[in-house]
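Structure first, then comments.
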Amino acid sequence: MRPVKTTVLSSLFLLVVVIPSVWAQNQYIGYVYPAGGQQGSTFSIRLGGQGLNYPTGLVVTGQGVSVRLLDYYRVMNNQELDLLRQQLNELKKPETTLSEAMVAKWAYWEFPAPIGPPELVAAQKAAIANAAVLPPQELAKQNLIRRLESVFAEYEPFPAVRSQCELIFAEVTIAPDATPGRREIRVVTKRGVSNALPFYVGQVPEVARKPMKTCQLPVLGREHLAQRHRPPEEEEVRISIPCTMNGQVGPGEINRYRFQAKKGQRLVISVLARELIPYVPDGVPGWFQAVVRLYDANGRELAYCDDYRFHPDPVLYWEVPEDGEYVLCIYDALFRGRESFIYRITIGELPYITSIFPLGARLGQEVKIELDGWNLAGATLSPPPAEAGTGIHLIAAKLGNMLSNYVPFALDNLPECLETEPNDQPNQAQKLQLPIIINGRIDRPGDWDLFELEGKAGQTIVAEVYARRLASPVDSFLKVTGPDGKILALNDDHFDAASGLNTHHADSYLMVKLPADGKYVVHLGETTKQGGKPYAYRLRISPPQPDFALRVIPSRLNIRSNSWGSLTVFAIRKDGFDGPISLRFKNLPPGFESGGATLGPKQEMVNLGIKTTLVEMDQPVDLTVLGVAKVGEQEIVRQAVPAEDRMQAFLWRHLLPADTLPALVFNPDYQPPATRVRPPIRDEDRPKDLPRTTTRGAVDWYLRQIEGLFQEWFLTEQFANRLIADVEARLIK
């Protein structure tokens, strides 16, 4: 895996531009676990992040997935924890009783549903069911004890990542007919909406391991002290295939799954890890580098995989040699880990596409797509719908009720043709009429595909490969030779800022001005000297087609009451386009206004401001940014893709696309309304003759701590009043 080739100037440009925008967005989620679930299921999830105080809900893109907020654990200071510890000890005394208000609150409290291996879930549910037969007073008391104990169980004073310590608990319901595949999830709070994380809708039964608490910060030379100690039943889980396994990997951990399989089964084992948390900003290679190994019942290794072609997430195809038990293991290649090292493994005789041909088609033209992969007998694959426009679309094969993995498919307006062999030598070069897109393959290792065109002096031509950006393993190399056979131009890798997750920009691009009339040859090769059926490409050879794409960061906008905010819009200019681009919001909702902005000639970045007259909003609204430019007499309109700036391996920066651009207006002065009223403290309950050693400032601070916990329903009325009376009695007069 090779890193993106960018200039130092480009990296600094992104760094300087992006940081102010990031500072303005305080709501952050670092992980969601589990990161998906099966169609037709309801299950609990947890999210770790920061700036999530006063949460109001969660949103998931697409149809068929609803989320209900259950609870929120903020990071508490030592004083607050000490108060909770005192309250917990008092609740465990038999004589302690709760008020009617506390009973009403806690007797019917909905805790996050248990998640983990099936046998653990069954035991937890049984314990909850047994508790439900208790009288309301005792049930409320036990529930409050349980919640206080869970606060202490989740607390980590020295976390490995402080930005993941606040916890959100929610319940997800996925409709039976929800479309399988990738979604995005965000947290909405009274202070803004968070960044998005991937969230998947699956098709097969799922299991989820017991969630990991916040990992401890490892100390150099004593890393073993930060490792968690799991009981044996948590190291290995028994499953039935097909199945999707959800888990988290801690430092030095290996997770194992044992299953039965029959001879001849063609199993596909696919992992989502880097796809779930695209970039780990403080580590190399910059993501959870998952490794999977497969063993038989005797511990003999049968298969190994640490990536899939150029993707870091592994995919194994395996035909079962004989009936028996097998064990699948997953771990990080560097044995790192923490709560955000999350994975989803799907195993079964499931349809999986390894390659298609061609990789695209002309818009409106019928095309027959050749399909290759595993378990695809009888599967059908359709091109994008008729209403789809130019660009890259995701398509999947259907086999019965099951959908395969999604693969990219390109649509364009230019004429197209197929590559024809033999065309390895200049005298065999395939003759072309421009403009044209050639759909071809690198048929074998060392294969070169040559294409001949008639050129005129002063004519400019563009040759561009689309392969890696269309999930092909081709690592292309382009060169153009003139009538005399001399090389006029060549290119290996071309940086495309619009390609998101790519860390190796392996597609080639050339723009060359022809010096004379004559025959010119475009040579396309594969730098790794590989070839075969999956090594497909699309090669565009045409005069320049000036165009642009837009990215807008960050992928959410949080604005204070009656104030303004701004987004940063990047222009990714294509084929030499350097004209001005007019930017505006499309159909702004009431309460918002914007004067737009203009990217001047050759300008790559500009701030786009927006103003609101609203005081606050309950739910975010999705915004759309459009860019309009003229190329000759033609007007081009492009929609900006929301994105987040992410750093990989401390240096390389990427614009990671998101599905939506939500905006939320918040009131910076918001404070949660009081939901409880304490009974007055009686004079006879105030302690007498205590040493007066506490200043007014310290007393006020203590009282704020107590009142905050009281309003969060952690403290009983009697306990809170006793604390307040004690503190006030120590005030220095």
Side-chain angles (χ1 to χ4, degrees), residues 33-38 41 43 114-124 200 202-212 228-263 265-276 288-308 312-333 335-337 339 341-350 352 374-375 405:
Y33 178 75
Q38 185 186 9
S41 65
F43 55 96
I115 57 177
E119 61 274 13
L120 178 61
V121 170
Q124 290 176 319
Y200 282 79
Q203 303 173 89
V204 299
E206 303 209 3
V207 297
R209 288 175 175 266
K210 181 180 178 181
M212 182 188 302
R228 62 173 180 161
H229 301 285
R230 299 182 295 172
E233 63 269 17
E234 291 186 18
E235 294 180 7
E236 181 175 295
V237 176
R238 183 175 291 276
I239 62 169
S240 299
I241 58 175
C243 182
T244 293
M245 298 86 83
N246 296 275
Q248 297 165 287
V249 170
E253 285 184 2
I254 299 176
N255 285 352
R256 299 178 176 87
Y257 297 91
R258 185 175 295 269
F259 61 93
Q260 283 283 143
K262 295 182 179 180
K263 181 178 180 179
Q265 284 186 302
R266 293 165 56 85
L267 299 182
V268 176
I269 304 169
S270 60
V271 177
L272 295 176
R274 192 277 183 95
E275 289 287 335
L276 301 178
F288 171 16
Q289 181 59 66
V291 175
V292 291
R293 293 180 185 269
L294 191 62
Y295 299 88
D296 64 16
N298 298 318
R300 181 168 60 95
E301 184 175 312
L302 303 174
Y304 165 92
C305 187
D306 68 348
D307 55 26
Y308 174 62
D313 288 343
V315 178
L316 265 177
Y317 319 115
W318 184 63
E319 186 167 336
V320 181
E322 59 184 18
D323 293 1
E325 277 195 341
Y326 297 90
V327 177
L328 177 68
C329 300
I330 182 171
Y331 57 93
D332 177 71
F335 289 97
R336 304 164 301 163
E339 64 272 21
F341 276 50
I342 289 169
Y343 63 82
R344 284 172 61 82
I345 310 174
T346 300
I347 179 172
E349 288 189 287
L350 305 172
Y352 197 91
W374 278 56
N375 305 319
N405 57 311

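None of these values were measured; they are calculated from a predicted model.
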Counting distance only, does the side-chain N/O of [X] pair as donor-acceptor with the main-chain N or O of [Y] below 3.5 Å?
X: Asp313; Y: Glu275; value: yes
X: Asp323; Y: Lys262; value: no
X: Gln248; Y: Glu339; value: yes

Pairwise side-chain contact, [X] with [Y], heavy-atom cut-off 4.5 Å (strictly under):
X: Pro314; Y: Asp306; answer: no
X: Val271; Y: Val292; answer: yes
X: Val315; Y: Ile269; answer: no
X: Tyr352; Y: Asn375; answer: no
X: Cys243; Y: Val207; answer: yes

Non-neighbouring partners of [X] that pass side chain to side chain contact (heavy atoms under 4.5 Å, CB included), sequence neighbours left out:
X: Phe335; value: Ile254, Tyr331
X: Pro321; value: Trp318, Tyr326
X: Ser41; value: Gln38, Phe43
X: Glu235; value: Arg230, Arg256

Quick one, Tyr308 with Leu316, criterion side chain to side chain contact (heavy atoms under 4.5 Å, CB included). Give me CA distance, side-chain angles, the key distance, then yes/no. CA-CA 8 Å; Tyr308 174 62; Leu316 265 177; over 6 Å; no

Minimal non-hydrogen separation, Leu276 against Arg344, with atom names: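 The pair with the smallest heavy-atom distance is CD1-N, 4.0 Å.
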
Please report the shortest heavy-atom distance between Ala290 and Ala273, naming the atom on each side.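 That would be CB-CB, 4.0 Å.
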
Could you pull out all residues at least two apart from [X] that satisfy side chain to side chain donor-acceptor pair (under 3.5 Å)?
X: Arg266; answer: none
X: Glu319; answer: none
X: Gln289; answer: Trp287
X: Glu301; answer: Arg293

In Å and rounded to the nearest 0.5 Å, what is the [atom1] to [atom2] distance from [X] to [Y]?
X: Arg238; Y: Arg258; atom1: CZ; atom2: CZ; value: 6.0 Å
X: Leu328; Y: Ile239; atom1: CG; atom2: CD1; value: 7.0 Å
X: Ser240; Y: Ile347; atom1: OG; atom2: CD1; value: 11.0 Å
X: Glu206; Y: Ile345; atom1: CD; atom2: CD1; value: 12.0 Å
X: Cys329; Y: Leu294; atom1: SG; atom2: CG; value: 8.5 Å
X: Tyr295; Y: Tyr304; atom1: OH; atom2: OH; value: 10.0 Å

List the residues meeting ring pair (Phe, Tyr, Trp, His ring centres under 6.0 Å) with Tyr257, not counting sequence neighbours, and say none if there are none.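 Tyr257 satisfies ring pair (Phe, Tyr, Trp, His ring centres under 6.0 Å) with no residue once adjacent residues are dropped.
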
Go through the structure and list residues passing ring pair (Phe, Tyr, Trp, His ring centres under 6.0 Å) with Tyr343, not counting sequence neighbours.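 Tyr343 satisfies ring pair (Phe, Tyr, Trp, His ring centres under 6.0 Å) with no residue once adjacent residues are dropped.
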
Check: Trp374 ring centre within less than 6.0 Å of Tyr317 ring centre: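 Ring centres of Tyr317 and Trp374 closer than 6.0 Å.
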
Going by salt bridge (Lys or Arg N to Asp or Glu O under 4.0 Å), name the residues that satisfy it together with Asp332, two or more places apart in sequence or in a different chain.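 Scan of Asp332 (salt bridge (Lys or Arg N to Asp or Glu O under 4.0 Å), adjacent residues dropped) gives Arg336.
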
Suppose we screen for salt bridge (Lys or Arg N to Asp or Glu O under 4.0 Å). Which residues come up paired with Asp296, at least two apart in sequence or across chains?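 For Asp296 the salt bridge (Lys or Arg N to Asp or Glu O under 4.0 Å) partners, ignoring immediate neighbours, are Arg300.
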
Between Arg209 and Glu234 (salt bridge meaning N to carboxylate O under 4.0 Å), is one present in this structure?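 Here Arg209 does not pair with Glu234 in a salt bridge, since their nearest N and O are not under 4.0 Å apart.
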
Please determine, by modelled atom types, if Thr346 and Ser270 share a side-chain donor-acceptor pair under 3.5 angstrom.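 Judged by distance alone, the side chains do not pair up.
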
